[in-house]
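Working notes for the structure below.
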Amino acid sequence: MAQKAVADLSEDFLKCSICLSQYKQPVLLPCVHSFCTCCLEQYERCLQNQPFSCPTCRRVVHLTVNGVKDLPKNFFLDNLLERLEMVNKVSRQSLKNCKFCRKRSSCFFCIDCRIHLCKYCKGTHSDLPALSDHTVIAKEKLSDANYLQGISSSRAPFCDKHSQEKLRFYCVTCSQLVCRDCTILSHQGHECIEAEKRIAIARENLEMLLKKSGPYFRDGLNYTKVIEKVDKELKGKSSSLCSQVDSCFDKIVSKLQCDRENLHKEIKKIIGRKRTLLEQKELETTNWMKAMENTREVTRQMLEGGNPWGMLGMEKDLQNSFEVLQQDPLERKYGISALTKGIGNLQFSPTASPMQRKGENPIGRIYFKESHSFLQRDYEETDDNVKPKILRYENDLPQQPL
(Lines give C-alpha, C1' and ligand atoms only; values in the text may rest on other atoms or scores of the structure.)
Protein backbone atom coordinates (compact mmCIF):
# COMPACT_ATOMS: atom_id res chain seq x y z
CA MET A 1 0.00 0.00 0.00
CA ALA A 2 2.80 2.40 0.90
CA GLN A 3 4.64 1.58 -2.28
CA LYS A 4 1.53 2.24 -4.40
CA ALA A 5 0.77 5.53 -2.61
CA VAL A 6 4.25 6.92 -3.28
CA ALA A 7 4.53 5.42 -6.77
CA ASP A 8 1.31 7.14 -7.84
CA LEU A 9 2.87 10.47 -6.90
CA SER A 10 6.11 9.73 -8.74
CA GLU A 11 4.45 9.85 -12.16
CA ASP A 12 3.18 13.44 -11.88
CA PHE A 13 4.86 14.93 -8.88
CA LEU A 14 8.37 13.58 -8.46
CA LYS A 15 9.82 14.37 -11.89
CA CYS A 16 12.04 17.32 -12.70
CA SER A 17 10.73 19.31 -15.67
CA ILE A 18 14.28 19.81 -17.01
CA CYS A 19 15.68 16.28 -17.05
CA LEU A 20 12.23 14.59 -16.94
CA SER A 21 13.59 12.13 -14.40
CA GLN A 22 13.07 11.65 -10.68
CA TYR A 23 14.31 14.58 -8.60
CA LYS A 24 17.89 14.49 -7.34
CA GLN A 25 18.46 16.87 -4.41
CA PRO A 26 15.42 19.05 -5.24
CA VAL A 27 15.68 22.78 -4.48
CA LEU A 28 12.89 25.34 -4.35
CA LEU A 29 12.76 28.63 -6.29
CA PRO A 30 10.84 31.70 -4.96
CA CYS A 31 8.10 30.97 -7.53
CA VAL A 32 7.58 27.56 -5.82
CA HIS A 33 8.87 25.58 -8.80
CA SER A 34 11.31 22.80 -7.94
CA PHE A 35 14.22 21.35 -9.91
CA CYS A 36 17.22 19.11 -9.42
CA THR A 37 20.23 20.93 -8.05
CA CYS A 38 22.46 19.60 -10.83
CA CYS A 39 19.90 20.61 -13.50
CA LEU A 40 19.78 24.20 -12.23
CA GLU A 41 23.57 24.38 -12.06
CA GLN A 42 23.83 23.31 -15.68
CA TYR A 43 21.02 25.71 -16.61
CA GLU A 44 22.87 28.56 -14.86
CA ARG A 45 26.04 27.84 -16.86
CA CYS A 46 24.08 27.92 -20.11
CA LEU A 47 22.74 31.41 -19.34
CA GLN A 48 26.25 32.88 -19.69
CA ASN A 49 25.87 35.79 -17.25
CA GLN A 50 22.29 36.51 -18.31
CA PRO A 51 19.70 37.11 -15.55
CA PHE A 52 18.74 33.83 -13.89
CA SER A 53 15.05 33.03 -14.37
CA CYS A 54 12.79 30.10 -13.58
CA PRO A 55 12.87 27.58 -16.49
CA THR A 56 9.10 27.12 -16.14
CA CYS A 57 7.55 30.56 -15.54
CA ARG A 58 10.56 32.78 -16.49
CA ARG A 59 10.35 34.72 -13.22
CA VAL A 60 13.71 36.39 -12.49
CA VAL A 61 15.48 34.92 -9.46
CA HIS A 62 18.26 36.83 -7.69
CA LEU A 63 20.94 34.33 -6.67
CA THR A 64 23.62 34.82 -4.06
CA VAL A 65 27.35 34.62 -4.68
CA ASN A 66 27.24 30.85 -4.28
CA GLY A 67 24.51 30.59 -6.93
CA VAL A 68 22.21 27.56 -6.98
CA LYS A 69 23.91 26.01 -3.95
CA ASP A 70 22.27 28.57 -1.65
CA LEU A 71 18.74 27.85 -2.86
CA PRO A 72 16.55 26.28 -0.15
CA LYS A 73 16.04 22.54 -0.17
CA ASN A 74 12.54 21.28 -0.94
CA PHE A 75 11.98 19.19 2.19
CA PHE A 76 8.54 18.05 1.11
CA LEU A 77 9.80 16.50 -2.12
CA ASP A 78 12.89 15.19 -0.40
CA ASN A 79 10.70 13.44 2.16
CA LEU A 80 8.58 11.82 -0.57
CA LEU A 81 11.69 10.69 -2.41
CA GLU A 82 13.07 9.24 0.80
CA ARG A 83 9.88 7.27 1.38
CA LEU A 84 9.89 6.03 -2.21
CA GLU A 85 13.53 4.98 -1.99
CA MET A 86 12.94 3.26 1.32
CA VAL A 87 9.92 1.31 0.06
CA ASN A 88 11.75 0.26 -3.12
CA LYS A 89 14.80 -0.84 -1.18
CA VAL A 90 12.77 -2.85 1.31
CA SER A 91 10.82 -4.54 -1.48
CA ARG A 92 14.10 -5.56 -3.15
CA GLN A 93 15.72 -6.74 0.10
CA SER A 94 12.69 -8.17 1.89
CA LEU A 95 14.28 -11.64 2.14
CA LYS A 96 17.77 -10.49 3.15
CA ASN A 97 19.42 -11.40 6.46
CA CYS A 98 20.41 -9.03 9.22
CA LYS A 99 23.03 -6.53 8.15
CA PHE A 100 24.88 -6.83 11.47
CA CYS A 101 25.22 -10.56 12.07
CA ARG A 102 24.51 -11.63 8.47
CA LYS A 103 23.06 -14.91 9.79
CA ARG A 104 19.59 -14.43 11.16
CA SER A 105 16.57 -13.26 9.18
CA SER A 106 15.76 -9.56 9.49
CA CYS A 107 12.56 -8.40 11.15
CA PHE A 108 13.35 -4.72 11.74
CA PHE A 109 14.43 -1.83 9.52
CA CYS A 110 16.40 1.29 10.47
CA ILE A 111 15.04 4.24 8.54
CA ASP A 112 18.18 6.33 9.11
CA CYS A 113 20.76 3.64 8.28
CA ARG A 114 18.53 2.00 5.64
CA ILE A 115 19.61 -1.48 6.85
CA HIS A 116 17.80 -4.63 7.99
CA LEU A 117 18.17 -5.88 11.57
CA CYS A 118 17.27 -9.04 13.42
CA LYS A 119 15.67 -8.90 16.87
CA TYR A 120 19.01 -9.54 18.57
CA CYS A 121 21.05 -6.97 16.71
CA LYS A 122 18.34 -4.31 17.11
CA GLY A 123 19.40 -3.85 20.76
CA THR A 124 23.07 -3.58 19.84
CA HIS A 125 22.24 -1.00 17.15
CA SER A 126 20.26 1.14 19.61
CA ASP A 127 22.97 0.93 22.31
CA LEU A 128 25.54 2.64 20.09
CA PRO A 129 25.68 6.36 21.06
CA ALA A 130 25.93 7.57 17.47
CA LEU A 131 22.86 5.54 16.50
CA SER A 132 20.75 6.03 19.60
CA ASP A 133 18.42 8.57 17.97
CA HIS A 134 17.80 6.46 14.83
CA THR A 135 14.28 5.28 14.09
CA VAL A 136 13.93 1.49 13.94
CA ILE A 137 10.56 0.03 12.94
CA ALA A 138 9.17 -3.45 12.44
CA LYS A 139 9.44 -4.66 8.86
CA GLU A 140 5.68 -5.25 8.54
CA LYS A 141 5.08 -1.54 9.22
CA LEU A 142 6.69 -0.72 5.89
CA SER A 143 3.44 -1.64 4.17
CA ASP A 144 1.46 0.91 6.21
CA ALA A 145 1.42 4.23 4.32
CA ASN A 146 -0.09 6.23 7.18
CA TYR A 147 2.49 4.91 9.62
CA LEU A 148 5.37 5.74 7.29
CA GLN A 149 4.00 9.22 6.66
CA GLY A 150 3.79 9.82 10.43
CA ILE A 151 7.34 8.60 10.94
CA SER A 152 8.68 10.73 8.10
CA SER A 153 6.85 13.82 9.34
CA SER A 154 8.18 13.44 12.88
CA ARG A 155 11.82 13.04 11.83
CA ALA A 156 13.91 16.15 11.33
CA PRO A 157 15.90 16.12 8.08
CA PHE A 158 19.69 16.18 8.06
CA CYS A 159 21.66 19.32 7.28
CA ASP A 160 23.28 19.53 3.83
CA LYS A 161 26.37 21.25 5.20
CA HIS A 162 26.74 19.08 8.32
CA SER A 163 25.60 15.60 7.35
CA GLN A 164 25.62 14.23 10.93
CA GLU A 165 23.43 17.01 12.30
CA LYS A 166 19.66 17.28 11.99
CA LEU A 167 17.84 20.53 11.29
CA ARG A 168 16.38 20.91 14.79
CA PHE A 169 16.35 24.73 14.83
CA TYR A 170 14.66 27.49 12.87
CA CYS A 171 16.39 30.79 12.13
CA VAL A 172 13.72 33.49 12.36
CA THR A 173 16.10 36.06 10.89
CA CYS A 174 16.78 34.03 7.73
CA SER A 175 13.45 32.11 7.71
CA GLN A 176 15.10 28.72 7.27
CA LEU A 177 15.83 25.49 9.08
CA VAL A 178 19.32 25.14 10.53
CA CYS A 179 21.25 22.57 12.52
CA ARG A 180 23.17 23.10 15.77
CA ASP A 181 26.45 23.72 13.96
CA CYS A 182 24.83 26.24 11.63
CA THR A 183 23.55 28.30 14.58
CA ILE A 184 27.15 28.64 15.75
CA LEU A 185 29.05 28.97 12.47
CA SER A 186 26.83 30.84 9.99
CA HIS A 187 23.84 32.12 12.01
CA GLN A 188 25.57 33.47 15.06
CA GLY A 189 23.66 36.41 16.50
CA HIS A 190 20.45 35.47 14.64
CA GLU A 191 17.19 34.70 16.39
CA CYS A 192 17.08 30.89 16.40
CA ILE A 193 14.38 28.84 18.08
CA GLU A 194 13.56 25.14 18.23
CA ALA A 195 11.97 24.01 14.98
CA GLU A 196 9.09 22.23 16.73
CA LYS A 197 7.97 25.53 18.31
CA ARG A 198 7.76 27.11 14.85
CA ILE A 199 5.63 24.34 13.31
CA ALA A 200 2.32 25.57 14.76
CA ILE A 201 3.04 29.16 13.64
CA ALA A 202 3.99 27.98 10.14
CA ARG A 203 0.82 25.89 9.87
CA GLU A 204 -1.34 28.83 10.96
CA ASN A 205 0.37 31.17 8.49
CA LEU A 206 0.00 28.73 5.60
CA GLU A 207 -3.66 28.07 6.39
CA MET A 208 -4.33 31.81 6.44
CA LEU A 209 -2.47 32.30 3.13
CA LEU A 210 -4.42 29.44 1.55
CA LYS A 211 -7.71 30.93 2.73
CA LYS A 212 -6.87 34.44 1.49
CA SER A 213 -5.82 33.12 -1.90
CA GLY A 214 -9.25 31.50 -2.44
CA PRO A 215 -11.00 34.58 -3.97
CA TYR A 216 -8.01 35.28 -6.22
CA PHE A 217 -8.00 31.67 -7.36
CA ARG A 218 -11.73 31.82 -8.14
CA ASP A 219 -11.19 35.05 -10.07
CA GLY A 220 -8.48 33.29 -12.03
CA LEU A 221 -10.85 30.42 -12.82
CA ASN A 222 -13.52 32.85 -14.02
CA TYR A 223 -11.00 34.76 -16.11
CA THR A 224 -9.82 31.48 -17.61
CA LYS A 225 -13.40 30.62 -18.55
CA VAL A 226 -13.82 34.05 -20.19
CA ILE A 227 -10.61 33.53 -22.16
CA GLU A 228 -11.79 30.09 -23.30
CA LYS A 229 -15.18 31.53 -24.29
CA VAL A 230 -13.65 34.41 -26.26
CA ASP A 231 -11.17 32.03 -27.91
CA LYS A 232 -14.05 29.77 -28.95
CA GLU A 233 -15.96 32.77 -30.35
CA LEU A 234 -12.88 33.95 -32.25
CA LYS A 235 -12.37 30.51 -33.77
CA GLY A 236 -16.06 30.39 -34.75
CA LYS A 237 -15.89 33.89 -36.24
CA SER A 238 -12.75 33.00 -38.16
CA SER A 239 -14.38 29.88 -39.55
CA SER A 240 -17.53 31.81 -40.51
CA LEU A 241 -15.62 34.62 -42.25
CA CYS A 242 -13.39 32.16 -44.10
CA SER A 243 -16.49 30.30 -45.28
CA GLN A 244 -18.01 33.55 -46.57
CA VAL A 245 -14.79 34.44 -48.38
CA ASP A 246 -14.58 30.96 -49.89
CA SER A 247 -18.22 31.10 -51.00
CA CYS A 248 -17.73 34.50 -52.65
CA PHE A 249 -14.48 33.32 -54.22
CA ASP A 250 -16.12 30.19 -55.60
CA LYS A 251 -18.92 32.28 -57.16
CA ILE A 252 -16.45 34.67 -58.79
CA VAL A 253 -14.30 31.79 -60.06
CA SER A 254 -17.40 30.04 -61.39
CA LYS A 255 -18.49 33.24 -63.17
CA LEU A 256 -15.01 33.80 -64.60
CA GLN A 257 -14.81 30.20 -65.79
CA CYS A 258 -18.19 30.55 -67.47
CA ASP A 259 -17.19 33.81 -69.15
CA ARG A 260 -13.89 32.29 -70.23
CA GLU A 261 -15.72 29.39 -71.84
CA ASN A 262 -18.07 31.85 -73.63
CA LEU A 263 -15.09 33.79 -74.99
CA HIS A 264 -13.46 30.57 -76.13
CA LYS A 265 -16.67 29.57 -77.91
CA GLU A 266 -16.90 33.01 -79.51
CA ILE A 267 -13.30 32.84 -80.74
CA LYS A 268 -13.72 29.30 -82.04
CA LYS A 269 -16.93 30.30 -83.86
CA ILE A 270 -15.30 33.23 -85.66
CA ILE A 271 -12.10 31.32 -86.41
CA GLY A 272 -14.18 28.31 -87.45
CA ARG A 273 -15.90 30.25 -90.22
CA LYS A 274 -12.54 31.52 -91.37
CA ARG A 275 -11.22 27.96 -91.48
CA THR A 276 -14.30 26.78 -93.40
CA LEU A 277 -13.63 29.40 -96.06
CA LEU A 278 -9.96 28.47 -96.12
CA GLU A 279 -10.86 24.81 -96.56
CA GLN A 280 -13.00 25.76 -99.57
CA LYS A 281 -10.15 27.85 -100.97
CA GLU A 282 -7.76 24.97 -100.34
CA LEU A 283 -10.02 22.56 -102.24
CA GLU A 284 -10.40 25.00 -105.16
CA THR A 285 -6.64 25.58 -105.21
CA THR A 286 -5.92 21.85 -105.15
CA ASN A 287 -8.26 21.22 -108.09
CA TRP A 288 -6.85 24.19 -110.02
CA MET A 289 -3.29 22.97 -109.39
CA LYS A 290 -4.15 19.48 -110.58
CA ALA A 291 -5.74 20.85 -113.77
CA MET A 292 -2.78 23.15 -114.40
CA GLU A 293 -0.24 20.37 -113.79
CA ASN A 294 -2.14 18.04 -116.08
CA THR A 295 -2.32 20.62 -118.89
CA ARG A 296 1.37 21.46 -118.49
CA GLU A 297 2.38 17.78 -118.47
CA VAL A 298 0.40 17.01 -121.63
CA THR A 299 1.90 20.05 -123.37
CA ARG A 300 5.43 19.04 -122.27
CA GLN A 301 4.99 15.48 -123.55
CA MET A 302 3.59 16.78 -126.82
CA LEU A 303 6.65 18.93 -127.33
CA GLU A 304 9.09 16.22 -126.33
CA GLY A 305 7.35 13.57 -128.48
CA GLY A 306 8.25 15.34 -131.66
CA ASN A 307 4.87 14.52 -133.31
CA PRO A 308 3.95 17.58 -135.40
CA TRP A 309 0.57 16.20 -136.33
CA GLY A 310 -0.28 15.71 -132.67
CA MET A 311 0.75 19.28 -131.87
CA LEU A 312 -1.42 20.62 -134.67
CA GLY A 313 -4.37 18.52 -133.58
CA MET A 314 -4.20 19.47 -129.85
CA GLU A 315 -2.90 23.03 -130.04
CA LYS A 316 -6.34 24.59 -129.92
CA ASP A 317 -7.51 22.43 -126.98
CA LEU A 318 -4.39 23.10 -124.93
CA GLN A 319 -4.65 26.81 -125.66
CA ASN A 320 -8.26 26.89 -124.47
CA SER A 321 -7.34 24.95 -121.31
CA PHE A 322 -4.56 27.40 -120.41
CA GLU A 323 -6.89 30.35 -121.06
CA VAL A 324 -9.61 28.93 -118.81
CA LEU A 325 -7.15 28.21 -115.98
CA GLN A 326 -5.61 31.65 -116.22
CA GLN A 327 -9.04 33.32 -116.29
CA ASP A 328 -9.92 31.58 -112.94
CA PRO A 329 -7.05 32.77 -110.64
CA LEU A 330 -6.68 31.89 -106.94
CA GLU A 331 -7.79 35.32 -105.74
CA ARG A 332 -11.02 35.03 -107.68
CA LYS A 333 -13.25 36.56 -105.00
CA TYR A 334 -11.37 38.76 -102.49
CA GLY A 335 -7.68 38.19 -103.16
CA ILE A 336 -4.96 36.34 -101.26
CA SER A 337 -3.87 39.50 -99.42
CA ALA A 338 -7.35 39.91 -97.97
CA LEU A 339 -7.23 36.39 -96.52
CA THR A 340 -3.99 37.01 -94.64
CA LYS A 341 -4.86 40.53 -93.58
CA GLY A 342 -8.03 39.54 -91.72
CA ILE A 343 -6.17 37.30 -89.25
CA GLY A 344 -4.34 40.14 -87.49
CA ASN A 345 -7.46 42.30 -87.30
CA LEU A 346 -9.19 40.05 -84.75
CA GLN A 347 -8.16 41.27 -81.27
CA PHE A 348 -8.88 40.67 -77.57
CA SER A 349 -9.32 43.62 -75.20
CA PRO A 350 -9.01 42.70 -71.48
CA THR A 351 -11.24 44.52 -69.02
CA ALA A 352 -9.41 47.03 -66.83
CA SER A 353 -11.53 46.36 -63.72
CA PRO A 354 -13.08 42.91 -64.13
CA MET A 355 -15.39 43.14 -61.11
CA GLN A 356 -16.80 46.59 -61.98
CA ARG A 357 -17.94 46.14 -65.60
CA LYS A 358 -21.64 45.48 -65.14
CA GLY A 359 -23.51 43.92 -68.00
CA GLU A 360 -20.32 42.92 -69.80
CA ASN A 361 -17.98 39.99 -69.80
CA PRO A 362 -15.68 40.66 -66.81
CA ILE A 363 -12.67 39.17 -68.60
CA GLY A 364 -12.74 41.25 -71.81
CA ARG A 365 -14.11 41.49 -75.36
CA ILE A 366 -13.32 40.22 -78.86
CA TYR A 367 -13.24 42.97 -81.54
CA PHE A 368 -12.01 43.79 -85.08
CA LYS A 369 -9.08 46.21 -85.10
CA GLU A 370 -9.86 47.55 -88.60
CA SER A 371 -13.15 47.79 -90.50
CA HIS A 372 -13.97 46.02 -93.75
CA SER A 373 -11.41 43.25 -93.30
CA PHE A 374 -12.05 40.00 -95.10
CA LEU A 375 -12.58 38.12 -91.82
CA GLN A 376 -15.08 40.70 -90.57
CA ARG A 377 -17.02 40.71 -93.85
CA ASP A 378 -17.12 36.94 -93.76
CA TYR A 379 -18.36 37.13 -90.17
CA GLU A 380 -21.04 39.75 -90.98
CA GLU A 381 -22.29 37.80 -93.99
CA THR A 382 -23.34 34.81 -91.88
CA ASP A 383 -27.06 34.06 -91.57
CA ASP A 384 -26.97 32.93 -87.91
CA ASN A 385 -29.72 34.43 -85.78
CA VAL A 386 -27.46 34.67 -82.73
CA LYS A 387 -24.03 36.23 -83.18
CA PRO A 388 -21.21 36.54 -80.59
CA LYS A 389 -21.23 39.76 -78.58
CA ILE A 390 -18.20 41.61 -79.93
CA LEU A 391 -17.07 45.17 -80.56
CA ARG A 392 -17.08 45.43 -84.33
CA TYR A 393 -14.51 48.16 -84.78
CA GLU A 394 -11.60 49.58 -82.84
CA ASN A 395 -13.39 52.92 -82.55
CA ASP A 396 -16.22 51.24 -80.66
CA LEU A 397 -13.92 50.44 -77.71
CA PRO A 398 -14.41 52.64 -74.59
CA GLN A 399 -11.67 55.21 -74.26
CA GLN A 400 -11.44 54.93 -70.45
CA PRO A 401 -12.08 52.02 -68.06
CA LEU A 402 -15.62 52.00 -66.74
Side-chain angles (χ1 to χ4, degrees), residues 6 14 16 22-30 32 34-41 63-90 99-100 108-117 121-138 141-142 147-203 205-206:
V6 182
L14 299 180
C16 173
Q22 186 173 293
Y23 284 109
K24 301 177 186 66
Q25 298 179 331
V27 291
L28 187 68
L29 296 181
V32 200
S34 298
F35 305 93
C36 302
T37 302
C38 57
C39 291
L40 285 184
E41 289 176 346
L63 299 177
T64 61
V65 178
N66 294 327
V68 175
K69 294 181 179 179
D70 281 348
L71 288 173
K73 183 178 181 180
N74 190 325
F75 293 104
F76 177 67
L77 287 178
D78 196 57
N79 180 263
L80 290 176
L81 292 169
E82 183 181 7
R83 287 170 55 193
L84 179 62
E85 182 183 356
M86 180 175 60
V87 170
N88 291 336
K89 185 173 182 180
V90 171
K99 187 71 173 178
F100 270 30
F108 293 94
F109 183 79
C110 177
I111 295 179
D112 297 283
C113 296
R114 307 289 177 85
I115 60 173
H116 295 268
L117 300 169
C121 295
K122 174 181 178 296
T124 305
H125 173 275
S126 300
D127 290 341
L128 295 174
L131 308 178
S132 60
D133 60 345
H134 284 199
T135 303
V136 180
I137 62 175
K141 290 292 186 179
L142 291 172
Y147 181 79
L148 285 179
Q149 183 176 0
I151 291 294
S152 299
S153 300
S154 62
R155 293 172 59 249
F158 285 94
C159 179
D160 291 336
K161 298 178 180 178
H162 312 99
S163 58
Q164 301 298 323
E165 294 292 330
K166 291 188 176 182
L167 300 174
R168 302 181 185 275
F169 300 94
Y170 182 82
C171 179
V172 179
T173 306
C174 300
S175 299
Q176 68 180 73
L177 288 168
V178 295
C179 69
R180 182 192 60 185
D181 292 352
C182 288
T183 59
I184 300 173
L185 298 176
S186 55
H187 292 266
Q188 189 175 9
H190 293 188
E191 181 184 355
C192 296
I193 61 175
E194 292 183 4
E196 293 182 354
K197 294 181 179 180
R198 178 67 185 178
I199 292 176
I201 298 174
R203 178 180 294 277
N205 290 340
L206 292 176

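The distance from atom CZ of F109 to atom NZ of K122, rounded to the nearest 0.5 Å, is 14.5 Å. Considering NE2 of H162 and CG of L167, their distance stands at 10.5 Å, rounded to 0.5 Å. Atom CD1 of I193 sits about 15.5 Å away from atom CZ of R168, to the nearest 0.5 Å. Rounding to the nearest 0.5 Å gives a distance of 10.0 Å between CG of N74 and CG of L29.
Side-chain atoms of T37 come within 3.5 Å of backbone atoms of Q25 as a donor-acceptor pair (strictly under, hydrogens ignored). With S34 contributing its side chain and L28 its backbone, the two residues share no donor-acceptor pair below 3.5 Å.
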Identify each donor-acceptor pair in which a side-chain atom of residues 178-189 lies under 3.5 Å from a protein atom, sequence neighbours left out, and give them as a table.
from	atom 1	to	atom 2	distance (Å)
R180	NH2	E165	OE2	2.9
T183	OG1	R180	O	2.4
S186	OG	C182	O	3.3
H187	ND1	H190	ND1	3.4

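More than 12 heavy atoms of other residues, nucleotides or ligands lie within 6.0 Å of NZ in K166, so this atom counts as buried by the packing criterion. The number of heavy-atom neighbours closer than 6.0 Å to CD of E41, taken from other residues, nucleotides and ligands shown, is above 12. Heavy atoms of other residues, nucleotides or ligands lying less than 6.0 angstrom from NZ of K24 number more than 12.
Shortest non-hydrogen contact noted between E191 and T173 is N-OG1, 3.1 Å. The minimum heavy-atom distance linking Y170 with R198 is given by the pair CE2-NE, 3.5 Å. The two residues L14 and L77 make their nearest non-hydrogen contact at CD2-CD2, 3.8 Å.
A search for side-chain hydrogen bond (donor to acceptor under 3.5 Å, both in side chains) contacts involving Q176 returns nothing, not counting sequence neighbours.
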Evaluation steps, side chain to side chain contact (heavy atoms under 4.5 Å, CB included), between L71 and L63: CA-CA 8 Å; L71 288 173; L63 299 177; 3.9 Å; yes

